[in-house]
Structure formats: structure tokens, C-alpha cells
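Chain naming here is simple, since letters A, B, ... match the order of the sequence lines and numbering starts at 1 in each.
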Amino acid sequence: MPIHNADVAEIFNRIGDLLDIKGDNPFRIRAYRDGARTVSELSRSVAEMVEGEEDLKALPGIGKDLAAKIEEIVRTGSLSFLEKLEEEIPAGLVELLRISGLGPRKINALYTKLGITSLAQLREAVSRQKIRDLEGFGEKTEQNIRKELDRLAASARRIKLSTADEIARPLLAYLREIKGVRLAEIAGSYRRRMETVGDLDILVVHVSGSPVMERFLDYDDVQSVVSHGPTRSSVLLKSGVQVDLRAVGAESYGAALLYFTGSKAHNIAVRRIAVKNDLKINEYGVFKGKKRVAGRTEEGVYKQVGLPFIPPELREDRGEIEAAAQDRLPNLLTLGDIRGDLHAHTTRTDGHAGLEEMALAARERGYEYLGITEHSRHVTVAGGLDADELRAHIRDIDRLNEQLEGIILLKGIEVDILEDGSLDLPGDVLRELDYTVCSVHSRFNLARDRQTARIIRAMDNPCFHILGHPSGRLINERPPYDIDMEQVIRAAAAKGCFMELNAHPDRLDLNDIHLKLARELGVKVAISTDAHSTEGLNSMRFGIWQARRGWLEPGDVLNTRSWPELKKIFRRG
DNA sequence: GCCGTTTTCGGCCCGACTGTTTTCAGTCG
């Protein structure tokens, strides 16, 4: 069985958790977690690196010991060190870390004093009121554990960015209207535009005596108050989303914004530079001794450590600090750079708006073109087109283009990549189109090597242009199909094909890491909404956010170009 | 366990809030 990076990362994280519960050296624990992060965010396969006898120690946070452990995992599929740890510490204890309020120390106490090793046993102990008598625990703690067990049973998890956006915007507007509020901003992973968001972190600057904390707790959507203090409060919304509000002085706003935007790894890296320069950074500012030398703006904080402003989407400690230090941060794409959309459906197949309606909606959004890409025949549930129907559709588009002003409809197709790697429609009709989006809509569960070969074989077809929603994942609903994305992107580079970044908020496919890889390999990306309605065209902004997380500049993107320019690019080879 | 334009040893980011305590550890972000 092939070892994926995620498998290695899971083992290292598990070791981190077990060592934590055991009470091991915290820096050793961090080393395992750092190693896990490095491996999980790597665009290359560590298994292949091991096979190619590459030096794993070159990877950040991987030293002699972790390198040897990765090799053992790749070669044997398991790790003796983990097995030994699990003999020592019951594996079920790791589950207990999911209970907010229970950390390694308390879990260790529950285990040694009450013999609890699972969530089920914990629930049992709570209902028998056994927790409250333990040293360091009390009635309150027991009640909180009970609440958390219930919350976990209701399966609270990270929400999609688009859902977070719907919750965040009205809440932010509410806070900004409160008397005395000078500044309010949402920080955290929402500001970094991560594809999923765990909770919302909001930062406010207000004049003293303003009722912002009280009014926050009174917000209509609040279900319960988790904690509240003069500068920091947390609530649980009815939607199950936790919101933390933090109030700071204007002189600290930039430092706090940086701090609460994260990521944690980015902050640690920035603070490390500060320490080297005899500075201290916390959420109140940058300090030289006791003197505050920056903090009002993020720019000011970065400047103190010799860096330019780093856009929030890049703050993952994935090379942005080094790039900033060398003044080679990417000039990130913005929505204004987009000149058209290359993936849309109409009522001809499974869309909800007609050709003209979609064209006018695209024009309203300032676009120069809209690519119409109906499904091909294999997608029967969507009424996919066969060759004759597609020809008739092409003629419809031609006729409409003669009447339309200020917008051009491009003649495309979302053609299925069949199991053997062939395309669902013959070449003669595909050649009548302006371009193709080629997608997988069936046989999601092929083995990795076959799925990868299927897509790469499809790229050999001279009619292939853009690989649609390359991983097939639906966020929080369906995992990506098992493919070697690095190989696919390399193939696209070699064969002159393109990758889609599907901007639909349920997809956001490619992800940030593979976008960055595509950019590094020189593969251009189409950011497309896959709109099935005029409303669907609005998803472009989610694609832009994701693209920025992938370091994309306007030049890396197909649809920042005019149609005449694109036309040349689509002449493959 | 990792890492090194001060170091191969001795560091490793930092503060608020809670609950259980009588001055603070644990947890969280």
C-alpha cells in the first residue's frame, strides 16, 4: 500500500499528542508537529523522495531522527516508535483532546486517577459525577465536559469559507454600528481566506466606556456565552460557530491584527526574527525593552523586523517570510484583473439561466467574454450533449454573438474524461470549439496510478485544454479522488495544458498548495465559477481568494487575458 | 527533536481567561 504524505503527518501528529499526554518535553512535541506540518503541506510525495534517495533532512523541521522515521514509515507502512508509545499510553486518550477545555495534563489525570481511556468512558464518568471530586477539577469543569461531549456528538466542524462569509458580514456590520467603535475587522483564518474556517476572530478598537462587549454578547445569533472579560469574550452562535471578540487600543491595532490573523506558524516565524533583533512582539506591539516601537499598523510591525507588508493570504510560513525579506513577494491577483469566465452552464444542460441571460449577467460584471461549457453526453443526468446537439448549440451561440454587444460568448464544452482516458466526444466536433474544459465525472474510486494515468492520457488528445475541477473534491462532503496531482501538473506543463481553479465555494479545486506548484511549474490556471445560474458567476471572488493563497499573479491566470490573447494560447503546441 | 552570519549546546513565541486555587496551573488561540 502506497504511503501518502497525509499518512506520515498523521503518525507524527499522533506521536505529538501521545507525548503531550505523557508529559514529554514540549519542544520535542513541537518538533513532531512541525514535522507533520512540513510533510502535509509538501507538494511532493515523501514516499517518492525516499525511493529516489533524496535527502529528507533538507526539508524544514526534518532532522536526522524524523528523516529516519519517515523512511521507516514509507518502507514498512508503520512506525515502531509509535507502536511502542501506544503500548505505554492508551490510544483512545488522543480522542479526549477534542474536548475543548481538556488538555494533556487533565487527560493524564483522568487516565491515572479514574482509568478513563475513551470518550465513552468519559461520558460515563461525567454522568456518575466522578469528575468533580478529582484534584484540579470541579463541578464547573464537569459541566463543561458534558456540554462539550454533547457538542461533539452534534459533530461541530470547520465550516466552508462561503458559510463563514455569510455569518461574518452581518456580524461585522452590527459591531461597526455600535457607538464608540472606531475599527472592527475579522482576523483569523477567515482573513487568510482559508477554504474552511474553524471560528471567527474579531478585533475592535473602541473608545473607553463603549458598550461593545455587552452588545456583542447581546447579538441576535448568540446562543451561549463561552467566556467574557473586559478585553476578550467568546460566544457560540446558533449556527454552532464560535466567535471570539478582542478589544485593543488603537496603538496596538496592527500588532493585534497581525497576531489574530495568524497563522500561528507565520507569527512564530516573525517573532523569531524579532527576538534575533532584540525585539519582542506580542499582540500589543513591538517592544525594544519596555518601549513600544510599533503596533498601530501591520505595516509598522513588519517594518520593525525588516519586512514589507505580507498579504494575509500568504501568511502560512510557506516561504513568504523569505520572499518578503528578499523583496520578491508575488504581486497577487485581484478580482479587477479578471476579464472573463471560462466555465458556465445554461438551461441547454443543467443550468438555470438561458444563453442570453448569462451573457448579459457576465457583461454586467464587467467581463469581455463568457465561456459556455455544457456537459457532454456521458453526464446523462445533466442532459449532456452529443455531437449533433453540440453543433446545434454552437450555431445558437454564433447567432447570439452577432446580436450581443460588449460581450462575447465563447464556444466551449465540459467534456467528460472517460475511464480509459479518451474524451466523451469525437475530435471533429471538439475542433469546432474555441476550447475545452475536460473533467472527470465518473469512476472516482479508481486506484491512484490508474486515475493519474487516465487524466494524463486525456491530455495527449490535441483537443484537451483545461483540466476541470482537477481533484473532484467537495469540501466537507467528498474527498478528492486518489491521484498524483504533482504528476498531473507536470504532465500539463510538458503537454501545454492548463489547470482549472474551480471557484465554486463547495469545490475550490485546485487547492492552495497545488496552485503554488502549478505556478512554479509554469502551468497557467483558469479561474472559473462553473456557474449554473447568473448568481453563480459571483463565486469568482472565492476563486480569487484561493488563487491568492496559491501565490498567483495576474500573469499566471488565463482569464486575465483578452480573448484574442487567449485564442493564441489555446493553440496548443 | 531541530537548529546555528554570535552557538554543535542551549535555546526554542506570548498573553488572556477559567476554574480551582489561596497564588497559579492548565488551556486556548
Side-chain angles (χ1 to χ4, degrees), chain A residues 12 15-16 19-21 23-38 56-70 81 96-110 131-145 147-148 187-192 197-203 213 225-235 242-248 252 255-256 258-287 295 301 305 317 325:
Chain A
F12 283 176
I15 291 173
L19 290 176
D20 212 352
I21 292 166
D24 210 280
N25 174 2
F27 299 107
R28 186 185 184 210
I29 294 164
R30 184 192 295 172
Y32 276 101
R33 298 204 169 122
D34 285 349
R37 198 178 75 96
T38 291
L56 295 165
K57 293 197 295 298
L59 299 172
I62 306 294
K64 193 174 153 209
D65 191 275
L66 290 189
K69 287 192 165 74
I70 293 173
F81 179 61
L96 303 190
L97 283 169
R98 286 164 60 203
I99 303 281
S100 171
L102 283 190
R105 300 278 87 76
K106 283 202 160 70
I107 289 172
N108 190 294
L110 288 170
I131 309 283
R132 56 182 66 186
D133 298 331
L134 279 183
E135 195 186 334
F137 293 73
E139 211 170 315
K140 257 318 207 339
T141 309
E142 192 177 85
Q143 282 167 13
N144 283 338
I145 292 174
K147 274 191 219 160
E148 270 294 300
S189 49
Y190 174 82
R191 183 161 179 250
R192 301 204 311 282
V197 172
D199 57 16
L200 292 171
D201 301 295
I202 307 184
L203 198 61
M213 279 294 165
V225 175
V226 178
S227 72
H228 63 98
T231 64
R232 187 175 196 164
S233 299
S234 296
V235 299
Q242 181 166 325
V243 186
D244 301 334
L245 183 71
R246 183 71 186 253
V248 296
S252 298
L258 179 68
Y259 174 74
F260 285 105
T261 297
S263 67
K264 193 174 174 178
H266 176 86
N267 286 348
I268 289 175
V270 172
R271 286 176 183 199
R272 203 173 280 143
I273 301 176
V275 170
K276 270 188 194 159
N277 294 315
D278 266 338
L279 297 166
K280 186 178 79 167
I281 298 181
N282 58 27
E283 57 260 58
Y284 298 106
V286 184
F287 295 87
V301 174
V305 289
D317 194 21

When you compare B/dC2 with B/dT7, how far apart are their C1' atoms, in angstrom units rounded to a whole number?
14 Å
Donor-acceptor pair, side chain of A/Thr38 and main chain of A/Pro60, under 3.5 angstrom:
yes
5'-most by nearest nucleotide on DNA chain B - A/Glu139 or A/Asn25:
A/Asn25
So which heavy atom on A/Leu56 is nearest to which on A/Ala67, and how close?
CD1-O, 3.7 Å
Just checking A/Ile29: base, sugar-phosphate only, or nothing, at a heavy-atom cut-off of under 4.0 Å?
nothing
Apply side chain to side chain contact (heavy atoms under 4.5 Å, CB included) to the pair A/Ile281 and A/Val305, showing each step before the final yes or no.
CA-CA 10 Å; A/Ile281 298 181; A/Val305 289; 4.0 Å; yes
Interatomic distance at C1', B/dA16 relative to B/dC12, whole Å:
22 Å
Tell me what A/Lys264 touches on the nucleic acid: a base, only sugar-phosphate, or nothing, going by heavy atoms under 4.0 Å.
base
Both A/Arg246 and A/Asn144 contact DNA chain B. Taking the nearest nucleotide for each, which residue is further toward the 5' end?
A/Arg246
With heavy-atom distances below 4.5 Å as the criterion, would you say the side chains of A/Asp20 and A/Leu97 are in contact?
no
Would you mind pulling out the nucleotide paired to B/dT8, Watson-Crick or G-U wobble, both distances under 3.5 Å?
none
Using the C1' atom as the reference point in each nucleotide, state the distance between B/dC28 and B/dC13 in Å, no decimals.
14 Å
Rounded to whole angstrom, note down the C1' distance from B/dT21 over to B/dT27.
16 Å
Within the 4.0 Å heavy-atom criterion, would you say A/Thr231 contacts the bases, only the backbone, or no part of the nucleic acid?
sugar-phosphate
B/dG11 and B/dT6, which share atom name C1', separated by this distance in whole Å
13 Å
Can any side-chain N or O of A/Asn267 pair as donor or acceptor with the backbone N or O of A/Tyr259 at less than 3.5 Å?
yes
Reading DNA chain B in the 5' to 3' direction, which nucleotide is the first one with an atom under 4.0 Å from a heavy atom of chain A, and which is the last?
B/dG1 to B/dG29
For A/Lys69, which contact category applies under a 4.0 Å heavy-atom criterion: base, sugar-phosphate, or nothing?
sugar-phosphate
Using the ring of each side chain (for Trp, its six-membered ring), is A/Phe12 parallel, tilted or perpendicular to A/Tyr32, with breaks at 30° and 60°?
perpendicular
Rounded distance in Å between the C1' positions of B/dC17 and B/dT23
16 Å
Which whole number of Å gives the distance between the C1' atom of B/dT20 and that of B/dA25?
9 Å
A/Asn25 atom CG, over 12 foreign heavy atoms within 6.0 Å:
yes
